[in-house]
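Let me begin by presenting the structure, written as structure tokens, before commenting on it.
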2 protein chains.
Amino acid sequence: MTKQRPTIADVAREAGVSKGLVSFALNDRPGVSAASRARILKVASELGWRPSLRARSLSTDRAFALGLVIARDPEIISADPFFPAFIAGIEKALAPAGQVLVLSMVPDEAAEAASYRQLAESGRVDGVIITDLRREDERFALIAELGLAAVTLGRPDIDTLVPSISLDDASGIHAAVNHLVELGHRRIAHVAGPYRMLHARRRSASFSDALAHHGLPDDLVVETDFTASDGARATRELLGLSDRPTAIVYANDPMAIAGMGVAQRRGLTVPRDLSITGFDGSEVGAFIHPALTTVTTNAGEWGQRAAELLLRVIAREDVADIDLAPASLLLRESTAPPQA
Amino acid sequence: MTKQRPTIADVAREAGVSKGLVSFALNDRPGVSAASRARILKVASELGWRPSLRARSLSTDRAFALGLVIARDPEIISADPFFPAFIAGIEKALAPAGQVLVLSMVPDEAAEAASYRQLAESGRVDGVIITDLRREDERFALIAELGLAAVTLGRPDIDTLVPSISLDDASGIHAAVNHLVELGHRRIAHVAGPYRMLHARRRSASFSDALAHHGLPDDLVVETDFTASDGARATRELLGLSDRPTAIVYANDPMAIAGMGVAQRRGLTVPRDLSITGFDGSEVGAFIHPALTTVTTNAGEWGQRAAELLLRVIAREDVADIDLAPASLLLRESTAPPQA
DNA sequence: AGGTTCTCTTAAACCGGTTCAGGTGAGCGT
DNA sequence: ACGCTCACCTGAACCGGTTTAAGAGAACCT
């Protein structure tokens, strides 16, 4: 009694043709007369036929799904505004294509490899988006072994056929440093992400570059694990120096906000006694006091374009690396000239 | 030349039995002699056989995947620490079961229904976890129409066969209010989430309850959309009142942090001039100045248990509603006795 | 008229599992 | 020695698509 979904065989019978021809017609393939094609399409729509993804999956050996494996402690992701916007962007590209995102959030890098392996071996996904690229990232070998298609966020540091889609964060960091130097700062510090991660390292390098460009030393760089907690620790270290910085450039917003808390706790007034810039533009940053000056990246577009690129890779189209509009500085209230 | 994955037919041939028997043996079904079973398992493992999810999917009409549709503006999710921890929890339950999470993040409720529909009609998932329950939520009808299994986070306000898994947030709100009353506050406000959402409404009701219990009026409740921006707006409204509150209970952390910013911007000192409590325990909250007193919920456990419950529903096991340990108040620095 | 070519179409195999009706043979009772 | 039961096993159908080899006609050529 339950109304079964019509299959291709039902359409064939109703249209008076064979299964094969229906398949051809529905896939816009040549070798079907205009009359037959029209009739088949008409019958299919009348019957409300919709392809069975499972059957198609089995016969064409594709999953029609993309994978995203995030290997970070949930604590860190919770605070980081990047991923939700990024994932929403992916969705925007996937939905119209009838594809879907399989998300795997694992706590560490050991579980990460197992996760990629499971996704690939069970044929859950046709390709993956690789984020948080690391130095000589072992995932390239893994991807190759598993025969997965892939794209990376940011250019890797090793030779690979995997295309990348990059968002130049260097210019955002440059803009932040330039802004601070123009305000008169000479002792500028950087609270960096883990050097294991390429983008953290790249931001750090941009920072040093920018300082060098102004003839300033880059002796005030502290590495962290990206958590607010570690950002606070780094800030305490920096502010404890005899020749403490008058401005700090943070590698993400949660650390910047935590750093601001540390400064205020010491009785410093931001930005009068200490200027602060963040990275990645979270919504809350606009509402704290003082509002956080930060470098904004368009995470949503990054996600959407990355997914589109990956779909093209999977379809075996020719693709080239993509560069998105660079990150830009969003001036708010947390920077000011240093105290005389 | 490419090393093909062995199929059940390879195992059958190698073990000298039929395909059917191999299937029985591998699924631990009766009707296979001990000797055959042992031989089949041995051959299967020697050949490195792994079941094809796609074939299994087609023949058993299951997806071996769960769906989660999140319908919120990315801006809001970005700030909200709940979902990442929640998703990580889901993953913890799914990975051992060989299942996978299909995540769909859409901007609004119109796209939400389309998303559920697509997941169900394409057979991507066997069930969904329904979050952000709304008043007389139309998703129950949708789920029923689509024939999807489901569980809900929190008890719905209508009769349904869908089991729920709840985390009592009322007692967290009660604890916050009691704490403030004990400190001496009499004018206590609540910045609530959108009443459309049951949990926002429930938190708001708990707030009123708690106040009534102390014989205090609940005239200071402002509804918001959960964004930091709207939390700031609500705070401005409350602080603009002639008889302004001395304490504000917020329905989430981003709004509490934004509210703190608004207060400080007006020259108020938190907690001396205004006490503030948040909800959901974000990491940054611990590092701002003053550190945010908040109600913590175990989002990770909630996710894990919800996924486990849904798997049991899908397996047609008998299940009952689940109640998790209630939310509890995490005392930090943002509350103090009101100024005399 | 016969052969070639081309377009349209069909039937059947295939993807890799699950399931079910029926067959085989050993063991049992009498 | 005969029938019965039961455990074990096989063969084939099935899930719903895709793909390919081959066939049927029509059109075109000489």
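Numbers restart at 1 for each chain; the letters A, B, ... are given by sequence-line order, proteins then strands.
For B:Ser18, the side-chain atoms get nearest to D:dG11 when compared with the rest of C:dG17, C:dC15, D:dG11. Listed candidates were D:dT18, C:dT18, D:dC9. Nearest to the side chain of B:Asn27 is C:dT18. Checking D:dC9, C:dG16, D:dG17 against the side-chain heavy atoms of B:Ser52 singles out C:dG16 as nearest. For A:Leu58, the listed nucleotide lying nearest its side chain is C:dC15; candidates were D:dG17, C:dT18, C:dC15.
Look at A:Arg312 and A:Glu308 and you find no salt bridge, because none of the NZ, NE, NH1 or NH2 atoms lies under 4.0 Å from a carboxylate O. With respect to the salt-bridge test (charged N to carboxylate O, under 4.0 angstrom), the residues B:Arg39 and B:Glu14 do not qualify. By the 4.0 Å N-to-carboxylate-O rule, A:Asp132 lies too far from A:Arg139 to be salt-bridged with it.
The minimum heavy-atom distance linking B:Val32 with B:Ala25 is given by the pair CG2-N, 4.0 Å.
For B:Arg39 and D:dC8, the CZ to C1' distance is 12 Å, given to the nearest whole Å. Summarising the geometry, the separation between CD1 on B:Ile40 and C1' on C:dG17 is reported as 15 Å, rounded to the nearest angstrom. Atom CZ of A:Arg62 is separated from atom P of D:dG16 by 19 Å (rounded to the nearest Å). What separates CG of B:Asp28 from P of C:dT18 is a distance of 12 Å, to the nearest Å. At whole-Å resolution of the value, CG in A:Leu47 and P in D:dG16 are 14 Å apart. A:Leu21 places its CG atom 12 Å from the C1' atom of C:dA11, with the value rounded to the nearest Å. Summarising the geometry, the separation between CD1 on B:Ile8 and P on C:dG17 is reported as 5 Å, rounded to the nearest angstrom. Taking atom CG of residue A:Leu53 and atom P of nucleotide D:dT18, one finds them 11 Å apart after rounding to whole Å.
Phosphate proximity of C:dG16 to B:Trp49: absent, as no side-chain N or O sits under 4.0 Å from OP1 or OP2. For the OP1/OP2 pair of C:dT19 and a distance below 4.0 Å, the side-chain nitrogens and oxygens of B:Arg29 include at least one atom meeting the criterion. A close approach under 4.0 Å does not occur between any side-chain nitrogen or oxygen of B:Arg54 and OP1 or OP2 of C:dC15. Neither OP1 nor OP2 of C:dG17 sits under 4.0 Å from any side-chain N or O of B:Ser59. Between A:Ser36 and C:dT9 there is a side-chain polar atom (N or O) within less than 4.0 angstrom of OP1 or OP2. Taking only side-chain nitrogens and oxygens, B:Ser33 never comes nearer than 4.0 Å to OP1 or OP2 of D:dA7.
Place B:Gly16 and A:Gly20 on DNA chain D by their nearest nucleotides, and B:Gly16 ends up nearer the 5' end. Map A:Phe24 and B:Gly31 each onto its nearest nucleotide of DNA chain D; the residue landing nearer the 5' end is B:Gly31.
Residue B:Arg50 is classed as a sugar-phosphate contact, given heavy-atom separations below 4.0 Å to backbone atoms only. B:Asp61 comes within 4.0 angstrom of no nucleic acid atom, judged by non-hydrogen atoms across all strands.
Side-chain atoms of A:Lys19 and base atoms of D:dG16 include no donor and acceptor less than 3.5 Å apart.
We find the CD1-CD distance between A:Ile90 and A:Gln99 to be 12.5 Å, quoted to the nearest 0.5 Å. For the atom pair CG of A:Leu309 and CD of A:Glu317, the computed distance is 10.0 Å after rounding to the nearest 0.5 Å.
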